[in-house]
Number of protein chains: 2
Amino acid sequence: MKESKTTGEILREEREKKGLLLRQVAAMLDIDTAILSKIERGERKASKEQIIKLAEILELDEEALIVQYLSEKILYEIKDEELGSKALKAAEQKMKYNNKNNS
Amino acid sequence: MKESKTTGEILREEREKKGLLLRQVAAMLDIDTAILSKIERGERKASKEQIIKLAEILELDEEALIVQYLSEKILYEIKDEELGSKALKAAEQKMKYNNKNNS
DNA sequence: ATTATATTTGACACTTATTGCCAAGATAAA
DNA sequence: TTTATCTTGGCAATAAGTGTCAAATATAAT
């Protein structure tokens, strides 16, 4: 069964839908074509600034793309961790707790 | 209101409860006293190996300490992010989804 | 107050990750 | 087969992480 799309897959799909070339989008991001290629294939991670620009260029919902990007970053941190799932839940708890008490 | 304890706070508390010196624990970890001091005060992050050794030295529940440590690491990734909470939830969703479909 | 011990701080060095450029190789379209 | 696009891997520059050491500060005991 197909798992949820990676950020790279989303970016590539949308770029192709728009008929844009790596070269063109890379130029708008002011980076080398090779890097964008690697980002789309998940070999490298984009920076947050690049994600924001990409959302604009590809007319994707910025918030959704950032959430996608951040969640991937989080999962990367715990990808080899047996206790990853517990850690995620603990992180949510702490986040709730802290919000409750400093706002 | 007091927020939940940091890993560093837990480590310091337990070390002091046991009457151990920074110097002693640092020696067991095979690092300089200065680093352990910084870890306890949250100025530096411990490695996972160090956390495991610390759990042993301080007789803390290893799993609990690792979860604490990882969740702090996760929160660090999104500490300045407005969408952090949404990203966390999205990460949990993906984790569930992936577990369901590769196991 | 002096001394001794413990902790903190900051400068430095070393290593590892990250980020990017470039050129050569592979793929695909014409 | 030519041409355009994309991918790959090597290299350089920079940033981040990890540790040492010595000096400064704090704590405790005489």
Side-chain angles (χ1 to χ4, degrees), chain A residues 5-55 57-58 65-66 68-81 87, chain B residues 5-55 57-58 65-66 68-81 87:
Chain A
K5 280 179 207 157
T6 65
T7 306
E9 285 167 345
I10 294 169
L11 294 174
R12 173 147 297 185
E13 243 175 54
E14 287 304 314
R15 178 176 62 78
E16 290 179 343
K17 264 190 206 162
K18 289 211 144 40
L20 294 167
L21 301 176
L22 276 179
R23 171 164 50 77
Q24 299 174 309
V25 175
M28 296 191 236
L29 291 175
D30 197 32
I31 56 173
D32 193 89
T33 304
I35 295 175
L36 184 55
S37 167
K38 286 169 188 170
I39 289 172
E40 288 186 347
R41 285 171 301 107
E43 194 183 312
R44 291 221 183 161
K45 276 180 284 186
S47 71
K48 191 168 169 214
E49 291 63 41
Q50 289 166 343
I51 288 293
I52 291 170
K53 274 196 198 168
L54 282 164
I57 294 166
L58 303 176
L65 194 61
I66 290 175
Q68 157 70 34
Y69 163 75
L70 289 176
S71 66
E72 211 164 79
K73 213 164 140 187
I74 290 169
L75 288 174
Y76 181 80
E77 285 295 310
I78 56 177
K79 66 177 178 336
D80 302 320
E81 295 293 342
Chain B
K5 280 179 207 157
T6 65
T7 305
E9 285 166 347
I10 293 169
L11 295 174
R12 172 146 298 185
E13 244 174 52
E14 288 303 315
R15 177 176 63 78
E16 290 179 342
K17 264 191 204 160
K18 290 211 143 39
L20 294 168
L21 300 177
L22 277 179
R23 170 163 50 76
Q24 300 175 309
V25 175
M28 296 192 237
L29 290 175
D30 197 34
I31 57 173
D32 194 271
T33 305
I35 294 176
L36 185 54
S37 167
K38 285 169 188 170
I39 289 173
E40 288 187 348
R41 285 171 300 106
E43 194 183 310
R44 291 223 186 161
K45 275 178 284 185
S47 70
K48 189 161 171 221
E49 291 64 41
Q50 289 165 343
I51 288 293
I52 290 169
K53 275 195 197 168
L54 282 165
I57 293 165
L58 303 175
L65 193 61
I66 291 176
Q68 158 70 35
Y69 163 75
L70 288 176
S71 67
E72 210 164 79
K73 214 165 139 187
I74 290 168
L75 287 175
Y76 180 80
E77 286 295 312
I78 56 177
K79 66 177 179 334
D80 301 321
E81 295 292 343

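By convention in this document, chain letters (A, B, ...) are assigned in the order of the sequence lines, proteins followed by strands, and residues within each chain are numbered from 1.
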For this session: Compute the angle between the rotation axes at the two ends of the helix from C:dA1-D:dT30 to C:dA30-D:dT1, each taken over five pairs, rounded to 10 degrees.
Result: 30°
Exercise. How long is the line joining CD1 of A:I31 and P of D:dT14, in whole Å?
Worked result: 19 Å
Exercise. Distance-only, no hydrogens or angles: does the A:E77 side chain make a donor-acceptor pair with backbone N or O of B:E77 under 3.5 Å?
Worked result: no
Seminar exercise, completed: Exactly one of A:I39, A:L36, A:L22 clears side chain to side chain contact (heavy atoms under 4.5 Å, CB included) with A:R12, and that residue is A:L22
Exercise. Does any non-hydrogen side-chain atom of B:L29 lie less than 4.5 Å from one of B:I57?
Worked result: yes
Problem set entry | Protein-nucleotide distance (B:Q24, atom CD; C:dT7, atom P), rounded to Å | 9 Å
For this session: Let me know the distance between CG of A:L29 and P of C:dT19, rounded to the nearest Å.
Result: 14 Å
Problem set entry | Under 3.5 Å: donor-acceptor pair, side chain of B:E72, backbone of B:T7 | yes
Exercise. Taking it one step at a time, do A:L20 and A:L58 satisfy side-chain contact (heavy atoms from CB on, under 4.5 Å)?
Worked result: CA-CA 9 Å; A:L20 294 167; A:L58 303 176; 4.2 Å; yes
Problem set entry | Spacing between B:K45 atom NZ and C:dT16 atom C1', to the nearest angstrom | 15 Å
For this session: Spell out, as yes or no, whether a donor-acceptor pair under 3.5 Å connects the side chain of A:R15 to the backbone of A:L11.
Result: no
For nucleotides 4-9 of chain D, which of its nitrogen or oxygen atoms have a protein nitrogen or oxygen under 3.5 Å away, and what is each distance?
from	atom 1	to	atom 2	distance (Å)
D:dT5	OP1	A:R23	NH2	2.9
D:dT5	OP2	A:R23	NH2	2.6
D:dC6	OP1	A:R15	NH1	3.3
D:dC6	OP2	A:L22	N	2.9
D:dT7	OP1	A:R12	NH1	2.7
D:dT7	OP2	A:R12	NH2	2.6
D:dT7	OP2	A:S37	OG	2.7
D:dT8	OP2	A:R41	NH1	2.4
D:dG9	N7	A:K38	NZ	3.3
D:dG9	O6	A:K38	NZ	3.3

Problem set entry | side-chain hydrogen bond (donor to acceptor under 3.5 Å, both in side chains) involving A:E16 - partner list, sequence neighbours excluded | none
For this session: Could you tell me the separation between the CD atom of B:E77 and the C1' atom of D:dA16, rounded to a whole number of Å?
Result: 13 Å
